[in-house]
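Just so you know, residue 1 is the first one in the sequence shown, and it goes up from there.
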Amino acid sequence: MKKEENEKRLALLKTIVMSMPEKPGSYQFYDATHTIIYVGKAKNLKKRVSSYLHKEVDRFKTKVLVSKVWDISYTVVNTEEDALLLENSLIKKYNPHYNVLLKDGKTYPSICITNEYLPRIFKTRTINKRLGTYFGPYSQVSTMYTLLELIKKLYKPRTCHLPLTATEIRLKKFKPCLEFHIHNCEAPCIGRQTYEEYHQNIEQAKEILKGNTREVRGILYDIMLEKADQLKFEEAEEIKKKINLLDNFVAKSEVVSHTIRDVDVFTIVDDDLKKNAYINYLHAKNGTINQSFTFEYKRKLAETDEDLLISAIPEIRERFNSEAKEIIVPFEMEWTLNDATFIIPQRGDKKHLLDLSEMNGKQYKFDRLKQAEKLNPEQKQTRLMKELQDKLKLPKLPFHIECFDNSNISGADAVAGCVVFKGMKPSKKDYRKYNIKTVSGPDDYASMHEVVRRRYSRLIEENQPLPDLIMTDGGKGQMEIVRRVIEDELHLQIPIAGLAKDSKHKTNELLYGFPPQVIGLKTDSELFHLLSRIQDEVHRYAISFHRDKRSKHALHSQLEDIKGIGSQTQQTLLSKLRTVKKIKEADIQVLTEIIGPSKAKLVYEYFHQTEEK
């Protein structure tokens with residue numbers, strides 16, 4: 001876009017904003033093709049929309065949005081709640097590119113009670129409000145089946161698809177089916193159950209689906225007493241069985257407090273990259289939770305948690321037909337609703353509900369993360385690299401990590417190992433072993449200094465890629481030695497971290513910075529386990545190299561002292577006789593067959609002369 005054209009565009013937008021009223025409402029942004037690309041809400045239309053044009057926008061995505069706006073329209077309403085509802089309606093209608101996206105591709109089942117003469121009750125994933133009344137949807141299918149089973153046992157609604165009418169029942173055009181004979185239906189199709197009794201049962205079933213189990217229990221209890229007063233004890237016993245079924249169902253439900261009559265609960269949990277948010281909705285009625293649902297929202301313009309939550313609340317309440325007057329939320333809400341009050345509980349049963357909602361949101365986030373990582377294993381590695389980068393405030397993702405460790409016994413056979421992890425996975429072809437050459441005695445710091453200098457001097461000479469992070473199997477002292485080599489001698493800028501161990505030789509803490517500081521990590525976190533694995537791997541690698549060297553030294557020490565016996569002859573003897581002990585015990589004939597008479601004589605005389613001495 002040319003500069004003159006852009007200035008003309010901005011001048012037009014500012015003219016529109018100047019004429020906007022300072023009232024609540026919804027505004028719509030259009031692109032060059034006059035397509036709605038964003039729908040927003042505002043308590044004060046003029047103030048809100050002008051903030052896009054007259055203030056320096058610090059979010060890149062918002063800058064991109066503003067650069068594509070060519071026209072603005074708006075609708076004035078009377079209240080904040082009307083602005084919210086209008087925004088929600090327009091987003092559903094136009095699905096603008098830059099608005100928050102509800103990532104809910106699933107179709108969850110609901111329970112339908114039909115509008116027929118004798119209604120049926122069944123589960124469905126298709127919503128057609130002309131067919132009947134719907135309850136749900138149910139994210140936990142087991143809860144839905146439990147409700148259907150309870151209603152079936154309590155009221156035995158018909159399951160057939162017969163077109164029943166009063167006239168056809170009176171004319172006896174139908175016959176009872178198998179469900180009647182196995183006592184799963186009271187046969188209203190032949191008039192054995194009256195229309196009034198059947199509809200009374202349906203109304204009670206509706207109340208149960210709404211969560212009003214206490215009211216239904218009270219109705220059944222009154223009927224039971226009435227039947228008992230009429231000396232109809234068998235009928236009273238049948239109603240008592242229904243009350244027991246209802247009590248058992250309520251006992252298995254999440255009971256909070258009977259003082260909580262009807263509340264909605266909303267919490268929001270961000271994903272690690274703040275690209276998506278998970279909003280959990282709980283509905284509690286008469287002390288029992290009867291709905292629990294988590295929605296995933298994709299952020300488009302880095303919306304705040306409050307912006308996201310206030311936009312989601314009317315949409316979710318509409319979806320679940322909630323009329324609760326109390327809405328429990330985790331933080332102060334700038335917006336208000338005419339028909340409900342926001343509450344932020346600090347303790348008690350309502351705080352328990354808020355914590356329960358947050359726990360459900362976090363569990364949903366965890367399940368989604370595991371599912372995604374199962375389908376794409378690299379996503380887990382990227383997440384861990386991002387987490388480590390954030391913890392250490394590294395300039396880039398630590399894709400290439402190298403870790404060092406020394407191994408010796410009282411300075412003997414001193415060695416070191418370097419393990420390499422790429423993409424949070426071991427790259428064994430890049431592992432390196434080092435024999436300590438310039439250090440005598442058990443000096444771990446001097447050994448580390450030698451190995452690190454040799455490692456990175458060679459990488460520089462060969463123009464090989466340097467690591468994004470260096471780790472030491474040790475604390476502050478080892479980190480300082482590495483820093484002296486990397487920064488002071490080689491003049492490199494590579495982040496350095498240390499993995500310290502406790503008295504039980506277990507990874508204890510992550511150190512970073514100069515002077516080193518302890519970086520807070522939960523010991524049960526995936527990142528902590530990964531760092532422990534890196535430390536265990538470098539320790540294993542260095543120890544195994546040291547063990548091999550010590551073992552070879554022990555095996556070859558006496559053979560190497562024999563003048564005239566070279567390494568090839570030593571290997572030949574060991575391959576045939578396996579141990580120095582068996583070589584010593586072998587007679588001259590056996591040795592001659594293996595290495596020839598002259599060398600056999602040298603070996604035989606060496607061992608036997610040593611014994612004689």
Side-chain angles (χ1 to χ4, degrees), residues 272 373 377-407 415-434 444-445 447-449 451-452 454-456 459 464-483 485-486 492 494-514 516-547:
D272 295 330
E373 289 177 353
E378 291 183 1
Q379 184 170 324
K380 177 181 179 180
Q381 317 307 329
T382 303
R383 175 174 60 84
L384 291 173
M385 284 189 286
K386 178 64 177 173
E387 185 178 351
L388 183 58
Q389 181 186 20
D390 292 341
K391 288 287 184 183
L392 304 184
K393 295 180 173 55
L394 301 176
K396 62 178 180 177
L397 279 180
F399 177 82
H400 181 173
I401 299 174
E402 296 189 355
C403 188
F404 295 86
D405 188 22
N406 302 321
S407 183
V415 298
C418 171
V419 300
V420 179
F421 276 62
K422 292 184 176 179
M424 292 302 185
K425 295 185 290 186
S427 178
K428 294 194 175 183
K429 66 182 180 65
D430 296 313
Y431 284 15
R432 292 295 181 267
K433 301 173 182 177
Y434 295 91
D444 281 345
Y445 288 168
S447 298
M448 181 64 72
H449 185 280
V451 169
V452 172
R454 287 168 58 188
R455 169 69 174 168
Y456 296 113
L459 289 183
Q464 295 294 316
L466 297 171
D468 303 314
L469 178 66
I470 297 173
M471 287 188 170
T472 66
D473 180 27
K476 299 178 181 179
Q478 296 279 24
M479 289 176 64
E480 175 59 22
I481 294 299
V482 175
R483 189 199 66 78
V485 177
I486 296 298
L492 299 173
I494 304 175
I496 301 163
L499 294 169
K501 292 184 178 180
D502 57 20
S503 58
K504 296 181 180 179
H505 212 64
K506 296 288 185 182
T507 304
N508 186 36
E509 56 191 14
L510 173 65
L511 302 172
Y512 185 72
F514 292 98
Q517 301 293 324
V518 176
I519 305 301
L521 279 180
K522 292 183 178 179
T523 55
D524 59 349
S525 68
E526 285 184 283
L527 180 58
F528 185 86
H529 289 312
L530 177 67
L531 296 177
S532 299
R533 181 189 171 197
I534 293 175
Q535 189 173 33
D536 292 341
E537 176 69 357
V538 72
H539 185 67
R540 177 202 65 78
Y541 188 63
I543 285 287
S544 62
F545 180 37
H546 179 255
R547 188 179 295 118

Among Q478, H539, Q535, which one satisfies side chain to side chain donor-acceptor pair (under 3.5 Å) with D405?
-> H539

Partners of R533 by side chain to side chain donor-acceptor pair (under 3.5 Å), sequence neighbours excluded?
-> none

Taking only residues two or more places apart in sequence, or in another chain, which ones meet [X] in a salt bridge (charged side-chain N to carboxylate O under 4.0 Å, His left out)?
| X | result |
| --- | --- |
| K422 | D430 |
| K393 | none |
| R432 | none |

Decide side chain to side chain contact (heavy atoms under 4.5 Å, CB included) for R383 and K386; before the verdict, give the C-alpha distance in whole Å, the side-chain angles of both, and the deciding distance to 0.1 Å.
-> CA-CA 5 Å; R383 175 174 60 84; K386 178 64 177 173; 5.7 Å; no

Expected output: side-chain N406 to main-chain A416 donor-acceptor under 3.5 Å | no

Between the side chain of K391 and the main-chain N/O of G520, is any donor-acceptor distance below 3.5 Å?
-> yes

Aromatic F404 / basic R455 pairing, under 6.0 angstrom, 45° off normal | no

Verdict with reasoning, K429 to V420, per side chain to side chain contact (heavy atoms under 4.5 Å, CB included) = CA-CA 9 Å; K429 66 182 180 65; V420 179; over 6 Å; no

Please name all residues satisfying ring-ring contact (aromatic ring centres under 6.0 Å, His included) with Y445, sequence neighbours left out, ordered by chain then number.
-> none

Go through the structure and list residues passing ring-ring contact (aromatic ring centres under 6.0 Å, His included) with F421, not counting sequence neighbours.
-> none

